[in-house]
Undergrad: 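Before anything else, here's the structure in question.
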Amino acid sequence: QAQLVESGGGLVQPGGSLRLSCTASGGSFTILSAGWYRQVPGKQREMVAEIPTFGNTNYADSVKGRFTISRDNRANIIYLQMNSLKPEDTAAYYCAVLTDRAPNAYWGQGTQVTVSA
């Protein structure tokens, strides 16, 4: 079983930057696909960015050009660099990973990102 812990959220001014980290632990496994998702109360969870083991990364149109997802495979860390943040980026951000050990994704507890002056 994998446990995911997100960090790096907080309060930032519009136009600012944050870097979210997601550390996966709990055993020996290989992360296949990983991603960041966000949710605002009362709204549907949406995909922000996804990164597979191989192939292209995927971004929501709303964050394309501003956010960058990356991964440190040795340390099992998934990053989300968020630049040029907007108030509409305010949400709880969740990390999720697919591993070679289970058919379903593992989810973290989330980290709050608030973009406000």
Undergrad: To the nearest 0.5 angstrom, please state how far the CG atom of Asn58 sits from the CD1 atom of Ile51.
TA: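 The CD1 atom of Ile51 is 10.0 Å from CG of Asn58, to the nearest 0.5 Å.
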Undergrad: Check whether any side-chain N or O of Glu6 sits under 3.5 Å from a backbone N or O of Gln109 as a donor-acceptor pair, and report yes or no.
TA: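 Answer holds: yes.
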Undergrad: Test your reading of the model: is there a side-chain donor-acceptor pair from Arg45 to the backbone of Val40, 3.5 Å cut-off?
TA: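 No; judged by distance alone, with no hydrogens or angles, the pair does not exist.
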Undergrad: Within the side chain of Asp100, is there an N or O that forms a donor-acceptor pair under 3.5 Å with the backbone of Thr30?
TA: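 Confirmed, Asp100 side chain pairs with Thr30 backbone.
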Undergrad: Between CZ of Arg19 and CZ of Phe67, what distance do you get to the nearest 0.5 Å?
TA: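 CZ of Phe67 is found 14.5 Å from CZ of Arg19.
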Undergrad: Do Arg38 and Ser62 have side chains that get closer than 4.5 Å, going by heavy atoms?
TA: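 Contact flag for Arg38/Ser62 side chains = yes.
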Undergrad: Group every Ile, Leu, Val, Met, Phe, Trp and Tyr by side-chain heavy-atom contacts under 4.5 Å, then state whether Leu98 and Tyr93 land in the same group.
TA: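 They do not share one cluster, since no chain of ILVMFWY contacts under 4.5 Å joins Leu98 to Tyr93.
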Undergrad: Could you give me the CA-CA distance, side-chain angles and deciding distance for Gln13 and Ser116, then say whether side chain to side chain contact (heavy atoms under 4.5 Å, CB included) is met?
TA: CA-CA 5 Å; Gln13 292 184 321; Ser116 175; over 6 Å; no
Undergrad: How long is the gap from OG on Ser17 to CG on Leu85, to the nearest 0.5 Å?
TA: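 It comes to 6.0 Å.
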Undergrad: Between the side chain of Thr99 and the main-chain N/O of Phe29, is any donor-acceptor distance below 3.5 Å?
TA: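 No, Thr99 side chain to Phe29 backbone: no donor-acceptor pair under 3.5 Å.
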Undergrad: Might you work through the side chain to side chain contact (heavy atoms under 4.5 Å, CB included) test for Tyr94 and Leu4, ending with a clear yes or no?
TA: CA-CA 9 Å; Tyr94 299 89; Leu4 274 55; over 6 Å; no
Undergrad: Could you walk me through whether Lys64 and Asp61 pass salt bridge (Lys or Arg N to Asp or Glu O under 4.0 Å), step by step?
TA: CA-CA 5 Å; Lys64 200 170 298 181; Asp61 288 341; 3.1 Å; yes
Undergrad: Considering all heavy atoms of both residues, which atom of Met47 and which atom of Tyr59 are nearest to each other, and what is their separation?
TA: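 Reported closest heavy-atom pair: CE-C, 4.1 Å.
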Undergrad: With side chain to side chain contact (heavy atoms under 4.5 Å, CB included) as the test, would you mind laying out the steps for Leu20 and Tyr79 before giving the verdict?
TA: CA-CA 6 Å; Leu20 306 184; Tyr79 299 102; over 6 Å; no
Undergrad: Let me confirm one number: the CD1-CG distance from Ile69 to Leu80, rounded to the nearest 0.5 Å.
TA: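 Rounded to the nearest 0.5 Å, the CD1-CG separation comes to 6.0 Å.
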Undergrad: Looking at CD of Glu46 and CH2 of Trp36, how far apart are the two atoms once the value is rounded to the nearest 0.5 Å?
TA: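 The CH2 atom of Trp36 is 14.5 Å from CD of Glu46, to the nearest 0.5 Å.
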Undergrad: Using a 3.5 Å distance criterion without hydrogens, assess whether the side chain of Thr90 forms a donor-acceptor pair with backbone atoms of Thr114.
TA: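 Checked: no pair found.
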Undergrad: Quick one: OG on Ser70 to CD1 on Ile78, what's the gap to the nearest 0.5 Å?
TA: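 It comes to 8.0 Å.
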Undergrad: Compute the ring centroids of Trp107 and Tyr37, then answer whether they are less than 6.0 Å apart.
TA: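 Judged by ring-centre distance (under 6.0 Å), Trp107 and Tyr37 do meet the cut-off.
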Undergrad: Go through it in stages, so that I can follow the logic: the residues are Ile31 and Arg71, the test is side chain to side chain contact (heavy atoms under 4.5 Å, CB included), and I'd like the CA-CA distance, side-chain angles, deciding distance and then a yes or no.
TA: CA-CA 10 Å; Ile31 296 177; Arg71 57 194 292 178; 3.3 Å; yes
Undergrad: If you count the non-hydrogen atoms of other residues, nucleotides and ligands that lie under 6.0 Å from CD in Gln39, is the total more than 12?
TA: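 Yes.
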